[in-house]
Amino acid sequence: MLTVKQASVALGVSATCVYQLVARGRLACHRIGLARGAIRISESDLDAYIESCRRELKPAAQPIHSPRAKPMRFKHLRIED
């Protein structure tokens with residue numbers, strides 16, 4: 001079982017972010033002790049959260065080029081010959 005600090009290091013986020021994930025129900029945890037208890041996160045729950053965040057890559061859309069299309073101009077770039 002991991003503490004909030006250990007979980008935050010494993011995820012690469014702040015401890016506050018882990019507390020928010022737990023409060024919003026996105027990251028499952030165990031409360032150990034009396035009253036609210038100390039938060040402990042199992043490694044399997046952490047792995048499940050990481051997997052739930054996975055986004056599949058979509059193929060990039062192919063730009064449509066028209067022979068009559070005007071070339072794009074970028075005002076912030078200055079091209080010198």
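We use all heavy atoms of the structure for the numbers below, so side chains are in, but hydrogens, waters and symmetry mates are not.
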Handout entry: Q20 CD: over 12 foreign heavy atoms closer than 6.0 Å
Key = yes
Handout entry: L34: hydrophobic cluster co-members (side-chain, 4.5 Å)
Key = none
Problem - Any residue meeting side chain to side chain contact (heavy atoms under 4.5 Å, CB included) with S14, in chain and number order, not counting sequence neighbours - result: T16, C17
Handout entry: side-chain hydrogen bond (donor to acceptor under 3.5 Å, both in side chains) against R54, all qualifying residues, sequence neighbours excluded
Key = E56
Practice task
Determine which pairs satisfy side-chain hydrogen bond (donor to acceptor under 3.5 Å, both in side chains) with at least one residue from residues 22-42, sequence neighbours left out, and list them in order.
Solution key: S42-S44, S42-D45
Handout entry: Nonpolar side-chain network containing I41, other nodes, edges under 4.5 Å
Key = L2, V4, L11, V13, V18, Y19, L21, V22, L27, I39, L46, Y49, I50
